[in-house]
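Predicted model, so just to flag it, every value in this text is computed and none were measured.
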Amino acid sequence: MTHHPKSEFLRTLMDRGYLADCTDLQGLDEALIAGVVPAYIGYDATAPSLHVGHLLNIMMLRHLQRTGHKPIVLMGGGTTKVGDPSFRSEERPLLGPDQIAANIAGMKEVFAQYLTFGDGPTDAILLDNAEWLDGLNYLDFLRDIGRHFSVNRMLSFESVKSRLDREQSLSFLEFNYMILQAYDFLELYRRHGCRLQMGGSDQWGNIINGIDLTRRVLDREIYGLTSPLLTTSDGRKMGKSAQGAVWLNSAMLSPYEFWQFWRNTTDADVGRFLKLYTELPLEECDRLGALQGAEINDAKIRLAGEVTTLLHGAQAAAAAEATAREVFEQGGTGADLPTLTLTPADLTDGVSVAQLFVRAGLAKSGKDARRLIAEGGARLDDAPVEDSGLMLDPARLPVKLTAGKKRHARVVLEG
């Protein structure tokens, strides 16, 4: 990519590390300079909340709006009935309409934190592709749209090839997903003048299909760009913690635990994550990312604070930081820590320390808890646990549990 963009949006994407690939950088740059460009990202409604893996693309929509363009959030109410086969080894379970509607409602809450919605020229809009997919007539669709697709070419896309090379079945239902996503782009151009689709680099094939289809059906030039698929410096997929997905809805993951996820960023990732997930100036991101030793912890706290403020608000971020200080520095029990509440009945039957770690979510299974204890990684009120069979004395409550260096929970008695 030798073209040095003039538009503020593309410059931001390149400077901060959001850009992996673009179908026509120069053409898109000129369009962005010429006027408001509506652009979309699609989200399948497969879960009741978005997670940290989606945050990069949400930030791209935010930068798009901040630089004077129009974000379109497309919910896949229609395509979720099919399931995106891209790079998946097995077919997704299919969801019913009620579950899809509930998932979309849960996801909407998050977008409202990052984008301004409304009727103005650069206000964001939220659409659902069920609006045009649900009413499709199969024969008309095959004749008008299907004839523009070459099966040979569809089979050559990496996302499909990886499935076929492993001789895993790819159902005809899933094979249609590509065509439906391409059709979304065409419809968004027709209905809303949408000129750009963005997505993770695993969506490249799907995006190109939409551009080709629009060129063939309407003889119009539209654009696609992708963001890098992020892995952390130790090679893990971004957005997955040891406990599972890092959800963006506070009902599914407390602001404190969200803050804690960012506070635990690996040293090597701090500078890059500040550029991608906060709006701090580039120089400040570079300065913080270059800190060494104990000072890098200040940069991590800054990162956690900025990211949590964008999603949950400044108050929640400040409360999370205060809780963390109380827990780590004063050894207190911190009211916002993940909390396990035991009933008196629990205690009459007796609870072993190993069970406590499992029930508080600090260990996946009894075996996992016993291994943690055997390796000296488990503590009760900062004292090492020696014996996994130790029964909890009710007089000890409330108690703080710690697994490893950074994961804490508190156990309290009901009432």
Side-chain angles (χ1 to χ4, degrees), residues 7-10 12-13 18-19 22-24 27-29 31-46 50 54-80 84 100-101 103-135 177-200 203-204 206-211 213-215 217-218 220-227 248:
S7 60
E8 191 189 351
F9 178 59
L10 283 181
T12 302
L13 291 196
Y18 291 102
L19 190 61
C22 181
T23 55
D24 174 3
L28 176 57
D29 196 29
L32 288 159
I33 292 165
V36 175
V37 171
Y40 93 97
I41 297 179
Y43 297 87
D44 267 343
T46 42
L50 296 156
H54 294 113
L55 202 47
L56 188 83
N57 285 345
I58 298 174
M59 290 298 289
M60 285 164 76
L61 287 174
R62 186 176 165 93
H63 284 299
L64 179 88
Q65 186 166 46
R66 193 183 53 76
T67 55
H69 303 283
K70 186 178 186 73
I72 299 173
V73 177
L74 181 66
M75 294 318 238
T79 30
T80 302
D84 181 359
I100 290 173
N103 287 351
I104 289 176
M107 290 166 138
K108 275 181 185 172
E109 293 173 24
V110 166
F111 289 110
Q113 304 297 322
Y114 291 90
L115 303 170
T116 306
F117 286 87
D119 305 324
T122 63
D123 284 344
I125 52 175
L126 190 129
L127 303 170
D128 182 346
N129 64 11
E131 194 185 317
W132 51 85
L133 294 180
D134 280 3
Y177 187 90
M178 270 194 198
I179 301 184
L180 295 176
Q181 189 171 329
Y183 183 66
D184 281 347
F185 203 174
L186 172 68
E187 277 297 316
L188 286 172
Y189 177 79
R190 273 185 183 146
R191 292 165 181 244
H192 300 279
C194 180
R195 308 268 306 276
L196 170 64
Q197 183 184 353
M198 303 188 289
Q203 294 299 315
W204 183 251
N206 289 334
I207 292 173
I208 298 230
N209 275 325
I211 293 172
L213 179 65
T214 307
R215 193 182 289 138
V217 176
L218 300 176
R220 287 287 189 276
E221 204 50 59
I222 55 179
Y223 308 97
L225 71 79
T226 55
S227 56
L248 303 186

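- Nearest heavy atoms, Met60 versus Tyr18: CG-CD2, 3.5 Å.
- Looking at every heavy atom in both residues, Met75 comes nearest to Phe111 through CE-CE1, 3.9 Å.
- Side-chain atoms of Asn209 never come within 3.5 Å of backbone atoms of Met178 as a donor-acceptor pair (strictly under, hydrogens ignored).
- Here the side chain of Thr67 pairs no donor or acceptor atom with the backbone of Glu8 at under 3.5 angstrom.
- At distances below 3.5 Å, at least one donor-acceptor pair connects side-chain atoms of Gln65 with backbone N or O atoms of Thr122.
- Between Asn57 and Tyr43 the shortest side-chain heavy-atom distance falls below 4.5 Å.
- Of all non-hydrogen atoms in Phe185 and Gln197, the two that sit nearest each other are CZ-N, 3.4 Å.
- Using a 4.5 Å cut-off on side-chain heavy atoms (C-beta onward), Gln113 and Leu248 make no contact.
- To the nearest 0.5 Å, atom CG of residue Leu126 and atom CD1 of residue Ile104 are 8.0 Å apart.
- Between the side chain of Arg195 and the main chain of Val37, no donor-acceptor pair closer than 3.5 Å is present.
- What you find for Lys70 and Gly120 is that their closest heavy atoms are NZ-O, 3.1 Å.
- Of the possible donor and acceptor atoms, one in the side chain of Asp29 sits under 3.5 Å from a partner among the backbone N and O of Ser7.
- With contacts defined as side-chain heavy-atom distances shorter than 4.5 Å, the pair Asn129/Tyr183 does not qualify.
- Contact record, Val36 with Pro38: O-CD, 3.5 Å, taken as the closest heavy-atom pair.
- Separation of atoms OG1 (Thr116) and CG (Asp123) is listed at 6.5 Å; rounding is to 0.5 Å.
- Remark: the backbone N or O of Gly224 is paired with a side-chain donor or acceptor of Thr23 at under 3.5 angstrom.
- Inter-residue side-chain proximity for Ile207 and Leu225 is flagged as unmet; no heavy-atom pair is nearer than 4.5 Å.
- Residues Lys108 and Phe117 fail the side-chain proximity criterion, which asks for heavy atoms closer than 4.5 Å.
- The two residues Leu28 and Leu10 make their nearest non-hydrogen contact at CD2-CD2, 4.1 Å.
- With contacts defined as side-chain heavy-atom distances shorter than 4.5 Å, the pair Trp132/Arg191 qualifies.
- Residues Cys22 and Tyr223 are not in side-chain contact: their nearest non-hydrogen atoms beyond the backbone lie 4.5 Å or more apart.
- Taking CG from Asp44 and CD1 from Ile100, the interatomic distance works out to 9.0 Å, rounded to the nearest 0.5 Å.
- Applying side chain to side chain contact (heavy atoms under 4.5 Å, CB included) to Leu74 and the options Ile41, Leu188, Thr79 leaves one that passes, Leu188.
- No side-chain donor-acceptor contact under 3.5 Å links His192 and Tyr40.
- The CG atom of Leu127 lies 10.0 Å from the CG atom of Asp184; values are rounded to the nearest 0.5 Å.
- For the atom pair Met198 CE and Ile72 CD1, the distance stands at 10.0 Å (nearest 0.5 Å).
- Between the CG atom in Leu50 and the CG atom in Leu55 there is a gap of 9.0 Å [rounded to 0.5 Å].
- No side-chain heavy atom of Asp24 sits under 4.5 Å from any side-chain heavy atom of Ile211.
- Arg220 CZ: 12 or fewer foreign heavy atoms inside a 6.0 Å radius.
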